[in-house]
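Here is the structure we will look at.
As the structure lists them, so they are numbered: ligands from 1, and atoms in each ligand from 1. Since we're looking at a predicted model, the values are computed, not measured.
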Amino acid sequence: MSTTGTGRAAAWGAPVRELLRARPGLALADVDASATPGFDRRKADAVPALAALGAALSDLQERLFAHGRTGGDRSVLLVLQGLDTAGKGGIVRHVLGMVDPQGVALRAFGVPTPQERAQHFLARVRAALPAPGRIGVFDRSHYEDVLVPRVEGALDAAALEARLAEITAFEAEVAARGTTVVKVLLWVSPDEQHARLRERLTRPEKHWKYDPRDVDVRRQRPAYEAAYADVLARTSTDVAPWYVVPADRKWYARLAVSVLLHDALADLHLGWPEPAYDVAAELARLDATA
Ligand code: AMP
Ligand code: MG
């Protein structure tokens with residue numbers, strides 16, 4: 001983890017990327033979703049920590065945007081995956097909400113439309129990749145195209161394997177074109193998911209978030225855990241690593257994703273672009289009009 005004088009270093013005990021990076025052979029059933037890896041403070045400390053990160057993120061994002069405006073080719077893609085209620089929307093609202101919306105390209109992927117189904121499964125994802133200078137965010141992604149068919153038995157093992165191979169090749173190609181790919185699996189425990197789904201049913205202002213299919217998917221949790229474990233093992237690469245973020249404590253998940261995004265941006269080492277004009281001459285020209 002880099003330190004940028006944001007006060008973040010004081011609260012984080014160890015490099016978050018190393019702590020959260022998906023390890024080979026990881027059993028998701030063993031992940032403690034209520035843990036707060038690397039953050040040695042309590043919830044009350046999370047608010048100032050997030051605000052400090054937000055200021056740093058905002059600065060880095062503006063540098064990225066300026067870089068894109070002046071011919072640079074770099075961008076960042078944050079892929080958010082997780083079971084229903086894992087908090088993907090909260091990350092968008094509370095983490096990406098800290099930076100200038102002009103620089104964010106958000107795309108949520110739902111059940112494919114008939115038109116989308118007629119295309120290659122990566123086509124809709126390709127069309128949503130971030131332009132240079134942008135932070136792209138996928139709320140669900142091409143990973144749904146291996147998870148759902150696997151759990152529903154719609155594709156056989158060979159077809160799933162072929163898709164996984166296509167995904168790793170696709171992500172390597174995206175990375176080679178200048179996009180830093182950061183993949184986050186928000187991991188919520190069964191009990192916390194139950195509580196969150198319950199709240200969607202008991203609070204009228206949350207009814208719109210509930211989908212009766214969520215209970216059917218919840219029943220298939222062991223199958224989703226196995227499917228996710230395979231996805232992590234098969235597609236976590238150096239150019240497109242997976243991070244497993246414990247998500248029962250929303251404040252922790254938001255902090256952790258902020259750090260992951262911050263560090264991805266900081267690694268680009270973007271300064272402010274050199275102007276394509278003579279600053280002194282322009283100042284003189286401007287002042288002559290005063
Ligand atoms: P939500 O994120 O709550 O709006 O729900 C979106 C739904 O679309 C989830 O149930 C996803 O599993 C489903 N979905 C997204 N992409 C795909 C896909 N490629 N194939 C099948 N289902 C998908
Ligand atoms: Mg939903």
- Item | Residue part near ligand 1, for R124, under 4.0 Å between non-hydrogen atoms | side chain
- Message: Run the salt bridge (Lys or Arg N to Asp or Glu O under 4.0 Å) test on D214 and R218 for me, step by step, so that the C-alpha distance in whole Å, both residues' side-chain angles and the decisive distance to 0.1 Å come before the verdict.
- Response: CA-CA 6 Å; D214 293 348; R218 181 173 153 78; over 6 Å; no
- Item | Residues D84, R200; criterion salt bridge (Lys or Arg N to Asp or Glu O under 4.0 Å); working and verdict | CA-CA 11 Å; D84 295 308; R200 290 181 178 186; 5.8 Å; no
- Message: Please list the nearest protein heavy atom to atom 4 (O) of ligand 1 with its residue and the distance rounded to 0.1 Å.
- Response: R140 NE, 4.8 Å
- Task: Salt-bridge test for R196 and D248: reply yes if a basic N is under 4.0 Å from a carboxylate O, no otherwise.
- Result: no
- Item | Geometric class of the F138/H142 ring pair [parallel <30°, tilted 30-60°, perpendicular >60°] | perpendicular
- Message: Is there a salt bridge (Lys or Arg N to Asp or Glu O under 4.0 Å) between E166 and R163? Walk through the geometry before answering.
- Response: CA-CA 5 Å; E166 279 189 271; R163 282 194 172 188; 5.9 Å; no
- Query: For ligand 1, does A108 get within less than 4.0 Å through its side chain, its backbone, both, or neither, judged by non-hydrogen atoms?
  - Reply: neither
- Query: In this structure, are over 12 heavy atoms from other groups packed under 6.0 Å from E205 atom CD?
  - Reply: yes
- Applying salt bridge (Lys or Arg N to Asp or Glu O under 4.0 Å), run through D216 and R213 and close with a yes or a no. CA-CA 5 Å; D216 304 310; R213 284 174 302 188; over 6 Å; no
- Lys/Arg N to Asp/Glu carboxylate O, K209 vs E199, below 4.0 Å: no
- Query: Should S141 be counted as touching ligand 1, given the test is an N or O pair under 3.5 Å?
  - Reply: no
- Query: Between G110 and ligand 1, does any nitrogen or oxygen pair lie at a separation below 3.5 Å?
  - Reply: yes
- Which heavy atom of the protein is the closest neighbour of atom 18 (C) of ligand 1, given with residue, atom name and distance? P112 CD, 3.4 Å
- Message: Below the 3.5 angstrom mark, is there an N/O of E144, backbone or side chain, next to an N/O of ligand 1?
- Response: yes
- Query: Does V111 approach ligand 1 within less than 4.0 angstrom via side chain, backbone, both or neither, non-hydrogen atoms only?
  - Reply: both
- Message: Considering non-hydrogen atoms of the protein only, which is the closest contact for atom 19 (N) of ligand 1, and what is the distance?
- Response: D145 OD1, 2.8 Å
- Query: atom 10 (O) of ligand 1: protein heavy atom closer than 4.0 Å?
  - Reply: no
- Query: How far is atom 22 (N) of ligand 1 from its nearest protein heavy atom, and which residue and atom name does that atom have?
  - Reply: V148 CG2, 3.8 Å
